[in-house]
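Numbering of ligands and ligand atoms starts at 1, following listing order. Residue numbers count from 1 along this sequence.
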Amino acid sequence: MIDSTVQMSELDAHTFRDWSARASGPVLVPVGALEQHGPHLPMGTDAILSTAIATSVAQRTGGLVAQPFTYGYKSQQKSGGGNHLPGTTSLDAATLIGLTRSVTVSLLRQGIRRVVFVNGHYENYQFLYEGIDLALDDLGIGSGDERSVLLLSYWDYVSGDTLGLVYPDGFPGWAIEHGGVLETSLMLHLKPSLVDLERAVQHAAASLPRFDRLPVVPDRTPASGCLSAPAGSDPDKGRLLFDQVVEDLAADIRSEFGLGAVNPARGA
Ligand code: ZN
Ligand code: MN
């Protein structure tokens, strides 16, 4: 007997079929990017974090985790440093919309009733929304249907109390958190072997104009590639962020879908 995994990719299809016939928990789809995150974090950071969060949430909601989206929409200068930076390898919007639409249709068509997209890359959000909306159109799903999809970015679950503890000198805003204290602390908690704080560059938060200019003016992105410095990052902040986000997101999903309490130890 295989350990009770929550990863769809690790389950055999018959076990999955039986799960989907009886389960009320959701299928969670983690979404990230392949994007430079400065000299101290790996380029897969956004998908690593959304997958870790989705996995813990699945264990608390009786859900499963689908294969993550490991590419994302183009990095934008004001939120990810810019798509011109080496390593950043992106999808155009039509591709991300199409991918989201296909995966959503495919899950709902095989009898999955509840899907949750857990986004970890700022620029993806509206294209995920569009792909989900087109998928529901494809399937003729309207208001009142028991099949539904939730979409969220995980940082929107960070509470005011947590923000006060993680950013004692004031919160700079999510858009410029790229490679900063949130992502670095979470990675130090979850994947410390992939973080090299000795290579981190300390600099003032980027000051970017209110407009987007295309093509970008590369010098407006700090040389590190980060939009704020990871100064003050530590694994304890990462654990606090992770535990609070997972707990509140799992509670939201249980409440929205009318699920009972799930024993995390038992998983799906
Ligand atoms: Zn990131
Ligand atoms: Mn990103």
Report the distance from atom CZ of Phe242 to atom OH of Tyr154, rounding to the nearest 0.5 Å.
10.5 Å
Please work out which of the three classes, parallel, tilted or perpendicular, describes the rings of Trp174 and Phe171, given edges at 30° and 60°.
perpendicular
Quick one: pull up CD1 in Ile112 and CG in Leu107 and give me the separation to the nearest 0.5 Å.
6.5 Å
Take the angle between the ring planes of Tyr73 and Phe127 and call it parallel below 30°, perpendicular above 60°, tilted in between.
tilted
Sidechain N-carboxylate O distance under 4.0 Å for Lys74, Asp92:
no
Please determine whether Glu183 has a backbone or side-chain N, O or S atom lying under 2.8 Å from the Zn ion (ligand 1).
yes
State whether His37 contributes an N/O/S atom found under 2.8 Å from the Zn ion (ligand 1).
yes
Is there an N/O/S atom in His121 at a distance below 2.8 Å from the Mn ion (ligand 2)?
yes
Looking at Glu35, the N, O or S atom sitting nearest the Mn ion (ligand 2) is OE1
Under 2.8 Å from the Zn ion (ligand 1), can any N, O or S atom of Glu35 be found?
no
Which atom of Asp46 is nearest the Zn ion (ligand 1), counting N, O or S only? It is OD1
Side chain of Asn124, backbone of Gly32: donor and acceptor closer than 3.5 Å?
yes
At less than 2.8 Å, would any N/O/S atom of Glu123, backbone or side chain, sit next to the Mn ion (ligand 2)?
no
What is the name of the N/O/S atom in Asp46 that sits closest to the Mn ion (ligand 2)?
OD2
